[in-house]
Amino acid sequence: MTKIFGDPSEFVDESVAGFVDIYSRFVQPVPHGVIRSTATPEGKVAVIAGGGSGHYPAFAGYVGPGLADAAVCGNVFASPSTRWVYDVAKAANRGGGVVLGFGNYAGDILNFGLAAERLRAEGIPAELLVVTDDVASEGQGANGQRRGIAGDVVAFKIAGAAAEAGYGFDDVVRVSRHANDVTRSMGIAFAGCTLPGESEPLFTVTPGHMGVGLGIHGEPGISEEPIGTPTEIADLLVDKVLAGKPDGLGEGGKVAVLVNGLGSTKYEELFLLYGPIAKRLRAAGYEIVAPQVGELVTSLDMAGASLTVTWLDEELETLWTAPAQCPALSVGPTIETTPAPVYVAPEDEVADYSGTPEAAQAAGQQVAGLIEAVRDVLKDAEAELGRIDAIAGDGDHGTGMVNGSVAAAQAARAAADAGAGAASTLAAAGGAWADRAGGTSGVIWGVLLHAFADQLGDEGKPTPEQVAAGATASVEAVQRLAGARVGNKTMLDAQVPFAEKLAERVGAGDDLKTAFAAAAQAATEAAEATKDLRPQIGRARPLAERSLGHPDAGAVSLALVTRTCAEKL
């Protein structure tokens, strides 16, 4: 288990602080990430890697000459927020455009995608490099594609080398996406990982067995098999990867090979495993180019390994073997560098709430009180929400909800005390929730609260009709963002009944407290009913059968929030 930590909520910030101190010759800190501490020329394409923390050396370990220009560091196993991605990308941008690279997970797609839209709106070319190498999740990852695991290293290395060589923006995007298209990975686990502050791993493996097809966020494997000999394990990994070989490729040829340790598997074991893997691949007619063996993309303290194979053409081989120096990888001759200026973060604008009517300020205070009550209840429910989420996911939902609500309560109180009305107070809470929670639920709750706030106004006390309209608008916003519908086993399965019942009771003439209580009850019943559903989207989809008989964590937390507000109105 993860043993060295202080306050678990500060785990990422404190570890990144130590990292940048050690590797200051490569990186310097920016809010929620790192950028190069060496200068890069004007007009160079910036390659940004990122995702949840807990995978070192991914992602910050790959920042340096010849590779990434920056990394965004989300909370453990949680996507960084849209704001975090945007801020790091802005800090790294040198005028040549920004390529945002990440593994294929729903939260990352949402947050990196929204950040790219924001960058484009400012005239900065921005494109996504979505890594989809995991053959175990074929057709089952986010958006129906494979998940991204250790193939991140290949895709980021190719992108970084192309940018360093002076490729234009379109060509960096082209070649890095091509590298991803011809990369496949497969992993096994002997034991699950444990989140900082937790006493139990996210999953366990039957003694003497290994989980086959695991995810790198603590998701269990899709099956279990007895642990075999090194040759038998190598055969399993090679067979799975070669079976997923991209269409249109001939027999044999040159390949890049990565044997990756997931956190607790020793290097000697990885070297031992590489031997029969290399033998099998060479027997199949492959020439191995610049293999990498070691901890490349980990999952905290998970015991296990993965195999990654990239089919190389002449251009990819040149870029794969091009020089690069960063904390986690050194290839070829040293690239000459000069120091970059120390990054200074721009100051946030301070909102002006002067002139807000007194009745509206009182409503803002009430909203802040509701958010504080939600924060307190979610803190008490953190462990249970995490337990539900870990059944078929990564177990971080409780932590994300607490991180988000704590930040939201702080922002709401600051806004209300500065004189904000209901809409501005709730909008401030939504922005803070999305920024601090990250992940899928963070961006969704941020959008939900913003949409709700837009209907309330800052002119006075919101009417029941405005509150009902806010609930309806929040449903529409979440559906647009997440692409989910009722029956997909998501928070919408509770959110839609809540909004419909609230509108119905308000329309029938109920006062707000009575209507809200009825709607919260509808949400609670609907959340419980999700135990009979199979997840259709998101990280739990590849493990849908495990989810049967258990409610969706997002729906449960949505119902809990509505009940809390109903009690406090």
Nearest-0.5 Å distance that lies between atom SG in Cys193 and atom CZ in Phe77: 4.0 Å

Pairwise side-chain contact, Leu202 with Glu219, heavy-atom cut-off 4.5 Å (strictly under): no

Ring pair (Phe, Tyr, Trp, His ring centres under 6.0 Å) evaluation trace for Phe102 with Phe112: CA-CA 8 Å; Phe102 55 91; Phe112 282 85; 4.5 Å; yes

Any donor-acceptor N or O pair under 3.5 Å, side chains Gln145, Thr132: no

Set of side-chain contact (heavy atoms from CB on, under 4.5 Å) partners for Ala494, sequence neighbours left out: Ala523, Ala527, Ala555, Leu558

Non-hydrogen atoms of Ala422 and Pro462 that approach each other most closely: CB-CG, 3.8 Å

Step-by-step side chain to side chain contact (heavy atoms under 4.5 Å, CB included) determination, Val478 to Leu492: CA-CA 8 Å; Val478 170; Leu492 273 169; 3.9 Å; yes

Heavy-atom side-chain contact between Gln365 and Asp417 under 4.5 Å: yes

Nearest non-hydrogen partners of Thr530 and Pro551, listed with the distance: OG1-CA, 3.3 Å

Gap separating the CG atom of Asn104 from the CG atom of Leu129, nearest 0.5 angstrom: 11.0 Å

Pairing of Glu384 and Arg387 as salt bridge, 4.0 angstrom limit: yes

Side chain proximity check, Thr194 to Ser199, heavy atoms < 4.5 angstrom: no

Donor-acceptor under 3.5 Å (Gln361 side chain, Thr356 main chain): yes

Shortest non-hydrogen contact from Ala499 toward Thr472: CB-N, 4.1 Å

Val506/Val467 under side chain to side chain contact (heavy atoms under 4.5 Å, CB included): CA gap, chis, key distance, verdict: CA-CA 9 Å; Val506 167; Val467 174; over 6 Å; no

Flag side-chain contact, heavy atom, 4.5 Å: Phe452 against Leu426: yes

Gln410, CD atom: more than 12 neighbouring heavy atoms under 6.0 Å: no

From Tyr56 atom OH to Leu300 atom CG, the distance as rounded to the nearest 0.5 Å: 14.5 Å

Glu465 CD to Leu512 CG distance, which is reported to the nearest 0.5 Å: 9.5 Å

Charged N-O contact under 4.0 Å between Lys90 and Glu122: yes

Minimum side-chain heavy-atom gap Leu533-Asp552 below 4.5 Å: no

Distance-only donor-acceptor check, side chains Asn488 and Thr490, under 3.5 Å: no

Donor-acceptor pair, side chain of Asp389 and main chain of His397, under 3.5 angstrom: yes

Working for side chain to side chain contact (heavy atoms under 4.5 Å, CB included), residues Ile48 and Val99: CA-CA 6 Å; Ile48 317 298; Val99 176; over 6 Å; no

Under 3.5 Å donor-acceptor, Asn75 side chain and Arg436 backbone: yes

Donor + acceptor pair across side chains of Glu525, Gln521 (<3.5 Å): yes

Side chain Lys501, main chain Ala520, donor-acceptor under 3.5 Å: no

Residues Ser81 and Asn111: side-chain donor-acceptor under 3.5 angstrom: no

Side-chain H-bond candidate by donor/acceptor type, Gln495 with Ser474, under 3.5 Å: yes

Glu382 vs Thr399, side chain to side chain donor-acceptor pair (under 3.5 Å): CA-CA, chis, key distance, verdict: CA-CA 6 Å; Glu382 179 178 3; Thr399 301; 3.3 Å; yes

Smallest separation among heavy atoms of Ala136 and Ile222, with atom names: O-CD1, 3.8 Å

Leu262 CG to Asp301 CG distance, which is reported to the nearest 0.5 Å: 11.0 Å

Minimum-distance pair of heavy atoms, taken over all atoms of Asp458 and Ala423: OD1-N, 3.0 Å

Pairs under 3.5 angstrom only: tabulate donor-acceptor contacts from the side chains of residues 114-121 to other protein residues two or more places apart or in another chain.
unit_1 : atom_1 : unit_2 : atom_2 : d
Arg120 : NE     : Ala126 : O      : 2.8
Arg120 : NH2    : Ala126 : O      : 3.0

Distance-only side-chain donor-acceptor flag, Ser79 / Asp108, under 3.5 Å: yes

Side-chain H-bond candidate by donor/acceptor type, Arg505 with Thr514, under 3.5 Å: no

Geometric class of the Trp445/Trp433 ring pair [parallel <30°, tilted 30-60°, perpendicular >60°]: parallel

Pair Ser299, His217: side-chain N/O donor-acceptor within cut-off below 3.5 Å: no

Lys489/Asp493 ion pair, N-O < 4.0 Å: no

Spacing of CG belonging to Leu100 relative to CG belonging to Leu128, to within rounding of 0.5 Å: 6.0 Å

Expected output: side-chain Glu476 to main-chain Ala473 donor-acceptor under 3.5 Å: no

His450 side chain near Val447 side chain, heavy-atom distance below 4.5 Å: no

Ile149 vs Val297, side chain to side chain contact (heavy atoms under 4.5 Å, CB included): CA-CA, chis, key distance, verdict: CA-CA 7 Å; Ile149 51 176; Val297 178; 5.8 Å; no

Expected output: side-chain Thr425 to main-chain Ala368 donor-acceptor under 3.5 Å: no

Test item: Leu569 and Leu370 side chains (from C-beta on) under 4.5 Å apart, heavy atoms: yes

Aromatic ring pairing Phe59/His55, orientation class (parallel under 30°, perpendicular over 60°, tilted between): perpendicular

Closest heavy-atom pair and its distance - Ala60, Cys73: CB-SG, 4.3 Å

Sidechain-backbone polar pair: Ser557 side chain, Gly554 backbone, donor-acceptor under 3.5 Å: yes

Heavy-atom side-chain contact between Val131 and Phe156 under 4.5 Å: yes

Heavy-atom donor-acceptor pair, Ser424 side chain to Gly421 backbone, under 3.5 Å: no

Backbone of Tyr343 reached by a side-chain donor or acceptor of Gln28 within 3.5 Å: yes

Exam field: side chain Tyr105 to backbone Ala78, donor-acceptor pair closer than 3.5 Å: no

